Protein chains: 2
Amino acid sequence: MPKASTIKAKEGTKAQLLEAGARIMTEKGYNHTGILEILQETGVPKGSFYYYFASKEDFGLRIIDDFAEAYSQTLDEYFKDTSLSPLNRLRKYCEDGRKKFEAQECRKGCLIGNLSQEMSDQSEIMRVRLEEVMNGWRDRFADCLKEAQKQNEIPARYDAKALAEFFLSGWEGAVMRSKVTKSTKPIDTFIKMVFEKLFVP
Amino acid sequence: MPKASTIKAKEGTKAQLLEAGARIMTEKGYNHTGILEILQETGVPKGSFYYYFASKEDFGLRIIDDFAEAYSQTLDEYFKDTSLSPLNRLRKYCEDGRKKFEAQECRKGCLIGNLSQEMSDQSEIMRVRLEEVMNGWRDRFADCLKEAQKQNEIPARYDAKALAEFFLSGWEGAVMRSKVTKSTKPIDTFIKMVFEKLFVP
DNA sequence: AACACATTAGACCGGTCGTCTAGAAATGTC
DNA sequence: GACATTTCTAGACGACCGGTCTAATGTGTT
């Protein structure tokens, strides 16, 4: 009996469930994703699911938390990179997002954005959590834009938080349009407009 | 027997189904909306549904078509209103959209936008139809912006179609953010940024 | 070995889903 | 008014869902 690997698999069960859940829900949404499907993909038996999670909603909430935590580190990589100017950090973030989206054939998009659209009217508890996560992102963008204002990369006459909200919602909308057109053009247009017209002195 | 009203009800059965379907799907999405639910709301018996529609997907497609046709007239009301300047037509469109969204307690949002997000990766035939509808809107916006360029309301150095795409995706994103924050603030910010920064000479 | 505790097995439930077919009701034709 | 045709309805059907349950198994401690 491979004792060590068995133990390792067990320890990772919850994480496996969360990973598969996030991946499948990003593509298929919350309602269209079945627990059975996640169980089959991970090889975890059905009986175990409700040992780890109280309900599907609880599962969804933990997926959001997990994703938010991991993504926070991704944001660090971009926004703590002092080798680039604040605006160029944002630009790199956009361009890498574009590349990633293209690499997955203009599918899926953003887990948090998708769930926000789908779940805001369906589950108040998920809505609140989703709002917190996205507000956190907006505030990160706002910090970056404030920095850009300090360095005179962008005009100081607009509230950085409003600019960040506009940027975030515009990005999410562009991703949605890119999904439905199966092309990166809407994202390309977003990047062009933001950096050539919106973020100019 | 109230023959006339019976006949009328029958003639309207399909339209009733489509109306209720559009209303419920706007709020709950395609996957989370049950046919039974629509049937109960309209009083139409279950067996009738598949007489009028080949499948749920076909039903969804017809809802999209119906909505697109009706919405095209709504767009006419705004964009054929020559008593306003082109930019003010667009502004009125935004502000009325904001009011409508607020009136329904920051819920629902845009049927086509919601379905685009939800269905693009799930049904190719719906994706294509959704893309056509939204591209049509974008082109209407672009025509309005071209007119605005002619009248020197906005700078001519940007392609009106790109501007329109940016406007459309930004609007959809702002509605999504407003749904999740249960506030019109993201929409307000969008309107402010678009008309004070993006659409300025 | 005996114990408590963590985890898994998988049957089971009530419910809803989308689909289908038989036939009732309405309509048209002669 | 009888018959044929089309239009519409009734409700059963099987598949699958999220969620729950009890029994069994594995693990670590003493």
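Lettering of chains follows the sequences in order, A, B, ..., and the numbering in each one begins at 1. This is a predicted model, so every value here is computed, not measured.
Distances were taken from every side-chain heavy atom of B:Pro45 (C-beta onward) to each of D:dC17, D:dG18, D:dT9; the shortest belongs to D:dT9. Listed candidates were D:dC17, C:dA11, D:dT9. Nearest to the side chain of B:Tyr52 is D:dT9.
With 3.5 Å as the limit, one finds no donor-acceptor pair spanning the side chains of A:Gln151 and A:Ser85.
With a 6.0 Å cutoff to the six-membered ring centre and a 45° limit on the axis angle, A:Lys14 counts as a cation-pi contact of A:Phe53.
Distance CE (B:Met25) to P (C:dC17): 11 Å, rounded to an integer number of Å. With rounding to whole Å, B:Gln40 atom CD is found 12 Å from C:dG15 atom C1'. A:Phe53 has its CZ atom 15 Å from the C1' atom of C:dT8, to the nearest Å. Rounded to an integer number of Å, the gap from CZ of B:Phe49 to C1' of C:dT21 is 18 Å. Between B:Glu37 atom CD and C:dG18 atom P there is a gap of 10 Å when expressed in whole angstrom units. Spacing between atom CG of A:Leu39 and atom P of D:dT20 amounts to 15 Å, rounded to whole angstrom units. The interatomic distance linking A:Lys46 (NZ) with C:dC12 (C1') rounds to 9 Å, in whole Å. One interatomic measurement links the two molecules: CG of A:Leu17 to P of D:dG19, which rounds to 14 Å at whole-angstrom precision.
If you check residues 54-62 of chain B against DNA chain C, the residues with a heavy atom closer than 4.0 Å are B:Ser55, B:Lys56, listed by number. Residues of residues 27-34 of chain A that place a heavy atom closer than 4.0 Å to DNA chain D, in numerical order, are A:Thr33, A:Gly34.
The minimum heavy-atom distance between A:Phe49 and A:Ser55, with the atom names listed, is CE2-O, 4.3 Å. Across every non-hydrogen atom of A:Cys106 and A:Ser183, the tightest pair is SG-N, 3.7 Å.
Within the structure, every side-chain polar atom (N or O) of B:Tyr50 is placed at least 4.0 Å from both OP1 and OP2 of C:dC20. Within the structure, every side-chain polar atom (N or O) of A:Tyr51 is placed at least 4.0 Å from both OP1 and OP2 of D:dT20.
Salt bridge status for A:Lys99 with A:Glu95: absent, with no side-chain N to carboxylate O gap under 4.0 Å. Ion pairing between A:Asp139 and A:Lys161 holds under the 4.0 Å rule for side-chain N and carboxylate O. Electrostatic pairing of B:Arg98 and B:Glu102 counts as a salt bridge here, judged by a charged N lying under 4.0 Å from a carboxylate O. The existence of a salt bridge linking B:Lys92 and B:Asp96 is confirmed by a sub-4.0 Å separation between a basic side-chain nitrogen and an acidic carboxylate oxygen. A salt bridge links B:Arg177 to A:Glu165: one of the charged nitrogens lies within less than 4.0 Å of a carboxylate oxygen.
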>> Could you spell out the base pairing of DNA chain D as a dot-bracket line? Use Watson-Crick and G-U wobble contacts where both distances are under 3.5 Å, [ ] for crossing pairs, | for partners on a different strand.
In response: |||.|||||||||||||||||||||||.||
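Each of B:Trp137, B:Phe195, B:Phe141 was evaluated against B:Tyr93; a single residue qualifies, B:Phe141, per the ring-ring contact (aromatic ring centres under 6.0 Å, His included) test.
No more than 12 heavy-atom neighbours from other residues, nucleotides or ligands sit within 6.0 angstrom of NZ on B:Lys185.
Taking the centre of each ring, A:Tyr50 and A:Phe59 stay at or above the 6.0 Å mark.
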